[in-house]
Amino acid sequence: MKDGCRVKICGITSLNDARLAANAGADYIGMIIDVRFSPRSMGLNEAGQIFKHAPLPAVALVHQMEPDKLDQLLLKLRPHAVQFLSPEGPELAGRLKDRQPGLQIWQSLFMPAGGEVGDGYDFRTLVLKTRQCREAGIDAVLFDTAVLSSGRCGGTGLTGDWELAARLVREAALPVFLAGGIKPGNVRRAVEKVRPFGIDLSSGVEEYPGKKSPAELKALMEALEQAENRKR
Ligand SMILES: O=C(O)c1ccccc1N[C@@H]1O[C@H](COP(=O)(O)O)[C@@H](O)[C@H]1O
């Protein structure tokens, strides 16, 4: 198994971009399914072609999806993992794993954008959430940025509190992906400071929302390689 930092390129909307991510050296691709507030969201039918021909393990991101629709998603897409953007992952993990043995369940958790403080976003509460996730059968957590003043959770293009993220990686009960505002220009600092199991990013390697940039993907992977070489 790979021992470096895993890379998930999220918000993929075409097979062409899935192949770009694979050629650049990513480990996972993520597709956002029926999330009305995302400009990268796709329906099940549209996503079907990408999952069917996916060149990498493919993750389906969902938000408050009805259980019946989740069952349809599993049947149609056969994802490597389902990633919950809303908090119901722990409640549904067992049921989904019964339906698709080998399925991974990932849960997004949120940390405040730099400088913000809010109830439920402190270190102890977040560590406790990772423990609850593990006990419920979740396989990995992703710490993304929340903008508490606007209530926006995830996909913000903004970095979170990386001091907090570094402490969470050390104490979390599960592998942690770092998300939120990661791009070629800051990936090295992110990885050296936080030392996550993986990184997860979307807008930082795009030409425009929903279209990945080959040049930015290449720059990202080169910067990451520099960080990895320094660790050795
Ligand atoms: O990408 C989106 O459109 C999105 C919308 C709403 C919630 C989550 C979303 N994507 C996830 O957010 C992270 C971070 O995005 P970014 O790198 O800051 O642009 C991304 O990796 C997706 O997992």
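Start at 1 with the first residue, then count along the sequence.
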Trainee: What is the distance from atom OG1 of T145 to atom CE of M111, rounded to the nearest 0.5 Å?
Mentor: 5.0 Å

Trainee: Looking at R167 and D161, is any side-chain nitrogen of the basic one under 4.0 Å from a carboxylate oxygen of the acidic one?
Mentor: no

Trainee: Are the side chains of N45 and K76 in contact, using a 4.5 Å heavy-atom criterion?
Mentor: yes

Trainee: Start with the C-alpha gap between Q100 and L73, add the side-chain angles, then the distance that decides, and say whether side chain to side chain contact (heavy atoms under 4.5 Å, CB included) holds.
Mentor: CA-CA 11 Å; Q100 184 181 312; L73 182 152; over 6 Å; no

Trainee: Compare all side-chain heavy atoms of L70 with those of R99 and state whether any distance is below 4.5 angstrom.
Mentor: no

Trainee: I'd like to know whether NZ of K183 has more than 12 heavy-atom contacts from other residues, nucleotides or ligands below 6.0 angstrom.
Mentor: no

Trainee: Where the side chain of N23 meets the backbone of L20, is there a donor-acceptor pair that is under 3.5 Å apart?
Mentor: no

Trainee: If you take all heavy atoms of L103 and P79, which pair is closest and at what distance?
Mentor: CD1-O, 3.5 Å

Trainee: Determine whether Q107 and K129 satisfy the following criterion, side chain to side chain donor-acceptor pair (under 3.5 Å), listing intermediate values before the conclusion.
Mentor: CA-CA 10 Å; Q107 177 67 53; K129 283 188 182 175; over 6 Å; no

Trainee: Are V169 and K193 close enough, and set up right, to give a side chain to side chain contact (heavy atoms under 4.5 Å, CB included), and what steps lead you there?
Mentor: CA-CA 10 Å; V169 166; K193 187 171 181 74; over 6 Å; no

Trainee: Looking at every heavy atom in both I12 and M42, which two are closest together, and how far apart are they?
Mentor: O-CE, 3.4 Å

Trainee: Assigning hydrophobic clusters by single linkage (Ile, Leu, Val, Met, Phe, Trp, Tyr; side-chain heavy-atom cutoff under 4.5 Å), is L164 placed with L128?
Mentor: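 Not linked; separate clusters.
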
Trainee: Measuring from C10:SG to Q83:CD, what's the distance to the nearest 0.5 Å?
Mentor: 6.0 Å

Trainee: Which pair of non-hydrogen atoms, one from P90 and one from C133, has the smallest distance, and what is that distance?
Mentor: CG-SG, 4.1 Å

Trainee: When you measure from the side chain of D27 to the backbone of K8, do you find a donor-acceptor pair of N or O atoms at a distance under 3.5 Å?
Mentor: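 Side chain of D27 to backbone of K8, a donor-acceptor pair under 3.5 Å: no, none is there.
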
Trainee: Let me confirm one number: the CG-CD distance from L126 to E171, rounded to the nearest 0.5 Å.
Mentor: 12.5 Å

Trainee: Could you tell me whether the side chain of E225 reaches within less than 4.5 Å of the side chain of N229, counting heavy atoms only?
Mentor: yes

Trainee: Walk me through whether L220 and V7 qualify under side chain to side chain contact (heavy atoms under 4.5 Å, CB included).
Mentor: CA-CA 10 Å; L220 178 90; V7 178; 4.3 Å; yes

Trainee: Using side-chain heavy atoms (C-beta onward) and a distance below 4.5 Å, is R40 in contact with S203?
Mentor: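 A side-chain contact exists here, since the closest heavy-atom pair is under 4.5 Å.
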
Trainee: Short question: side chain of D122, backbone of T125 - any donor-acceptor pair under 3.5 Å?
Mentor: yes

Trainee: Does some side-chain heavy atom of V127 sit less than 4.5 Å from a side-chain heavy atom of L168?
Mentor: yes

Trainee: For residues M221 and G25, report the shortest heavy-atom separation together with the two atoms involved.
Mentor: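 Looking at all heavy atoms of both residues, the shortest contact is CE-O, 3.3 Å.
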
Trainee: Does I29 reach the side chain of P55, with side-chain heavy atoms less than 4.5 Å apart?
Mentor: yes

Trainee: Regarding K212 and E216, does a basic nitrogen lie under 4.0 Å from an acidic carboxylate oxygen?
Mentor: no

Trainee: Kindly give the heavy-atom pair with the smallest separation between A165 and L178, and that separation in Å.
Mentor: CB-CD1, 3.9 Å

Trainee: Rounded to the nearest 0.5 Å, what's the gap from OG on S41 to CZ on R36? Could you check?
Mentor: 10.5 Å

Trainee: Let me confirm one number: the CE-CD1 distance from M65 to I33, rounded to the nearest 0.5 Å.
Mentor: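 These two atoms lie 6.5 Å from each other.
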
Trainee: Within the 4.5 Å heavy-atom criterion, are L201 and V187 side-chain neighbours or not?
Mentor: no

Trainee: Looking only at heavy atoms, which two atoms of I199 and L224 are closest? And how far apart?
Mentor: CD1-CD2, 4.5 Å

Trainee: Does atom CG of D119 have more than 12 heavy-atom neighbours from other groups under 6.0 Å away?
Mentor: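 No, the 6.0 Å shell around CG holds no more than 12 heavy atoms from other groups.
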
Trainee: Return yes when atom CD of E207 has more than 12 non-hydrogen atoms of other residues, nucleotides or ligands closer than 6.0 Å, and no otherwise.
Mentor: yes

Trainee: When rounded to the nearest 0.5 angstrom, what is the spacing between OG in S108 and CG in D200?
Mentor: 7.5 Å

Trainee: Closer than 3.5 angstrom, by distance alone: can the side chain of D144 be matched with the main-chain N or O of G155 as a donor-acceptor pair?
Mentor: yes

Trainee: Before accepting this row, confirm whether a basic side-chain N of the pair K218/E222 lies closer than 4.0 Å to the acidic partner's carboxylate O.
Mentor: yes

Trainee: Would you say V147 ends up clustered with F110 if hydrophobic residues are merged whenever their side chains have heavy atoms under 4.5 Å apart, either directly or through other cluster members?
Mentor: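 The answer is no; the residues belong to distinct hydrophobic clusters.
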
Trainee: Evaluate side chain to side chain contact (heavy atoms under 4.5 Å, CB included) for K211 paired with N16, printing each intermediate quantity in order.
Mentor: CA-CA 10 Å; K211 177 73 194 87; N16 185 52; 4.2 Å; yes

Trainee: Kindly work out whether a path of hydrophobic side-chain contacts (I/L/V/M/F/W/Y, heavy atoms less than 4.5 Å apart) joins V35 to L158.
Mentor: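 Shared cluster, no.
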
Trainee: Is there a donor-acceptor pair under 3.5 Å between the side chain of T130 and the backbone N or O of L174?
Mentor: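 Absent.
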
Trainee: If two hydrophobic side chains count as joined below 4.5 Å and joins carry through other members, does L75 share a cluster with L96?
Mentor: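 As far as the 4.5 Å side-chain criterion goes, L96 and L75 are not connected within one cluster.
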
Trainee: Answer yes or no: is there a side-chain heavy-atom contact under 4.5 Å between F197 and R6?
Mentor: yes

